[in-house]
Amino acid sequence: MAIALHGVGVSFGPVEAARDISLAIPSGEFVSLLGPSGCGKSTLLSVVAGLETASQGSVTVTGQAGMVFQEAALFPWRTLIGNVAFGLEMRGDRRLSKSERLARAADALRLVHLSRFADSYPHQLSGGMRQRAALARALVLDPDILLMDEPFGALDAQTRSLLQAELLTIWERTRKTVLFVTHSLDEALFLSDRIVLLSARPGRVVGDYWIDAPRPRDPRTDAALAALRSRLLAQLSHEIETVARAEHDTDWHAETDAPRVPPPPPVLENVGADI
Amino acid sequence: MSRTLPAPAETDPHPASQVRRGASPSSLRIVKDRGQAKGSRSSQGANPSRAWLRPARLALFYASLFAAWWIVAARQIWPPYLLPSPVDVGIFLRESLADGTLIPAVLTSAARVSVGYGVALVGGTVLGLALARSRLLDETLGSAVVGLQSLPSICWFPLALIWFNLSEKAVLFVIVMGSLFAITLAVRAGVRQIPPLTLRAARMLGAGSGLRLWQHVLLPAILPAFLSGMRQGWAFAWRSLMAAELLSQSLKIGIGHLLSNGRDLNDMSMVLGMIFVILALGLLVDRLLFFPVERAVARRWGVEGA
Ligand SMILES: Nc1ncnc2c1ncn2[C@@H]1O[C@H](COP(=O)(O)OP(=O)(O)OP(=O)(O)O)[C@@H](O)[C@H]1O
Ligand SMILES: [Mg+2]
């Protein structure tokens with residue numbers, strides 16, 4: 001197992017973010033975490049990354065982890081190639097000379113199709129390009145595990161589907177273990193081997209689905225995928241409704257008050273059904 | 001710089017030209033919009049010439065101001081000992097350069113402000129970092145710093161006189177107290193403004209929490225804020241020095257003393273001349289040293305608008 005969580009709970013003072021989460025992720029698997037806002041997805045990722053410690057349970061992570069955040073969080077004082085080379089410099093890898101580091105960083109930039117912008121500064125790039133650079137910055141260290149927290153959440157639909165396809169290509173080539181947080185059911189269906197559904201806060205695992213449909217995926221032609229999508233959507237809507245009830249504090253009804261739950265397939269856009 | 005938008009052709013295919021024939025209130029509004037668009041077009045047509053228009057306007061403004069001064073002085077509305085002509089001021093400046101009073105005074109003042117500002121820079125940086133790092137320190141000493149920042153630095157002078165007598169140390173003390181807190185607060189704000197995500201990313205990439213984090217992440221991240229703090233600190237240091245020199249006659253002659261001497265001698269040309277010198281030196285350092293560096297860093301870091 002690349003990642004093994006046993007009865008993990010995380011609390012911030014009185015706020016219980018996640019409760020009793022057990023999850024075993026074999027290496028090479030692409031797993032998406034899906035759940036309503038505030039259910040502890042980012043927290044869980046931070047625990048796996050070692051940026052946060054679990055209040056309960058045990059966390060076993062085998063190998064190095066790299067992380068990509070929703071905002072690229074690039075260093076504005078470094079060029080793209082400087083950003084990508086940052087991790088190599090920090091690792092203090094004495095075996096690598098400066099030119100070797102730059103060569104590796106250039107390779108990583110090529111992987112995300114940003115070679116032309118190696119000498120640009122982050123503020124000169126579009127959001128999609130920054131996000132690709134952040135991916136390259138994580139990949140250059142050749143981590144065993146890639147943790148991605150809504151990496152495409154802030155992008156427009158076209159850029160987003162482009163980056164999804166690129167990520168899939170990279171993953172198919174490198175076969176890294178990926179733990180991917182998203183708010184988009186369709187994104188999760190398009191990318192993952194497995195979708196883990198979390199409940200409203202405190203987050204617990206309420207669904208664990210394996211998807212063995214061949215890639216590239218298209219629910220319009222794949223009936224099994226379409227059926228899975230409806231099932232997941234129903235369950236997810238239920239959890240979101242729970243959150244909405246709690247937040248609205250009154251008699252809130254999904255039937256009358258819910259913001260448009262997208263109709264079930266056959267029509268499925270690659271993005272859409274963003275929740 | 002603003003981009004030039006393509007100017008709409010006279011045969012405008014834009015729907016507005018069709019709606020214009022209608023008589024509904026909404027079409028009237030559109031017609032008006034169109035008028036505004038035309039206005040902005042013509043102003044954009046003038047865009048290339050703006051580059052020289054601004055300095056030209058400025059030059060014209062100061063030239064007129066100068067001319068007005070000259071004319072008023074020439075007509076002797078006020079006697080020359082109240083308002084000397086620009087020529088008199090020029091003569092004073094030339095003579096003070098020639099007789100060797102001005103340059104040594106400038107050097108003396110420059111030495112004082114360099115030492116004082118240097119001490120404030122080091123002290124302010126250390127203090128600012130300490131405040132940003134320690135919550136306890138920030139809640140106690142930090143509040144005092146915020147309060148003291150609003151105290152005019154010359155208020156420290158009487159205290160300095162009692163502690164150090166009328167000495168170089170007293171002047172130095174006033175300069176340091178004048179610029180220390182501005183630098184402290186700028187450094188503190190710079191550290192606080194670092195996005196938490198930047199720190200998390202740095203940690204994930206192996207920057208640790210020690211020297212490497214400081215060198216490669218924290219210091220570069222606060223550089224823009226630090227530079228604007230440095231610039232502000234300079235302005236405060238210069239003002240404090242002038243105030244202190246005005247009040248400390250018996251020390252080695254600095255330019256503040258020359259200004260004060262002008263008053264003692266009832267020599268208005270000297271007073272005005274020294275005001276120009278003080279203004280010019282303060283501006284020169286700001287414009288030639290601090291401003292370009294601050295702007296270059298802001299550009300590179302992408303914090304535009306500086
Ligand atoms: N450092 C922290 N201190 C206090 N509370 C926190 C902290 N981090 C997270 N929380 C709380 O824990 C809960 C889970 O937060 P988390 O960010 O993990 O949710 P999420 O599932 O990622 O939400 P979203 O989908 O909106 O990103 C939230 O209620 C949040 O307010
Ligand atoms: Mg989150």
Side-chain angles (χ1 to χ4, degrees), chain A residues 42-43 45-46 48-52 61 64-80 82-93 101 105 108 119-125 130-131 133-143 145-151 154, chain B residues 1-3 125 128-129 132 135 186-187 189-231 290-306:
Chain A
S42 299
T43 304
L45 230 55
S46 299
V48 174
L51 294 173
E52 212 87 69
V61 178
Q64 284 294 311
M67 194 148 178
V68 180
F69 305 91
Q70 178 170 7
E71 288 153 64
L74 298 172
F75 305 119
W77 55 89
R78 283 178 172 241
T79 57
L80 276 207
N83 264 280
V84 175
F86 181 86
L88 295 171
E89 280 172 41
M90 289 306 108
R91 223 164 49 169
D93 217 332
R101 286 199 302 259
D119 297 321
S120 302
Y121 285 92
H123 70 95
Q124 298 169 324
L125 305 177
R130 282 200 283 252
Q131 218 49 36
L135 180 59
R137 187 173 65 170
L139 284 173
V140 76
L141 294 175
D142 197 22
I145 301 165
L146 207 50
L147 304 170
M148 308 183 80
D149 192 357
E150 296 184 53
Chain B
M1 284 289 105
S2 64
R3 273 171 293 139
T125 305
L129 291 177
R135 181 128 181 208
V187 170
V191 176
R192 291 228 175 133
Q193 280 160 12
I194 301 176
L197 214 52
T198 300
L199 298 179
R200 287 160 72 88
R203 253 183 89 186
M204 283 310 289
L205 295 166
S209 55
L211 186 66
R212 262 182 315 176
L213 184 72
W214 277 100
Q215 184 189 345
H216 293 287
V217 182
L218 298 181
L219 293 182
I222 65 170
L223 193 57
F226 181 59
L227 285 174
S228 68
M230 272 180 79
R231 194 176 162 203
F290 293 107
F291 180 70
V293 177
E294 190 185 344
R295 193 180 48 183
V297 166
R299 286 235 173 101
R300 163 103 101 88
W301 266 229
V303 279
E304 211 61 64

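Treat the numbers as computed from the prediction; the structure is a model and nothing was measured.
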* Asked: Under a 4.5 Å heavy-atom cut-off, does chain B meet the side chain of A:L51, its backbone, both or neither?
  ->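 When you check distances to chain B, atoms from both the backbone and side chain of A:L51 fall under 4.5 Å.
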* Asked: In Å and rounded to the nearest 0.5 Å, what is the CZ to CG distance from A:R91 to B:L205?
  ->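 Atom-to-atom, A:R91:CZ and B:L205:CG are 10.5 Å apart.
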Closest approach of [X] to [Y] (non-hydrogen atoms, all atoms of both residues):
{"X": "A:W77", "Y": "B:V217", "value": "CH2-O, 3.5 Å"}
{"X": "A:M90", "Y": "B:G206", "value": "CB-O, 3.5 Å"}
{"X": "A:F86", "Y": "B:H216", "value": "CE1-CB, 3.9 Å"}
{"X": "B:T198", "Y": "A:A73", "value": "N-CB, 4.5 Å"}

* **Atom CD of A:E150 with >12 non-hydrogen neighbours under 6.0 angstrom** =>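 Enclosed.
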* Give a yes or no on this: more than 12 heavy atoms of other residues, nucleotides or ligands lie within 6.0 Å of atom CD of A:Q64. =>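 Counting neighbours around CD of A:Q64, 12 or fewer heavy atoms of other residues, nucleotides or ligands fall under 6.0 Å, so no.
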* Asked: Which of residues 220-227 of chain B have a heavy atom under 4.5 Å from any heavy atom of chain A?
  ->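 When heavy atoms of chain A are the reference, residues 220-227 of chain B contributes B:P220, B:A221 within the under-4.5 Å range.
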* **Top of B:R203, B:R200, B:R300 for chain A proximity - count of heavy-atom pairs under 4.5 angstrom** =>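 Option with the top pair count is B:R300.
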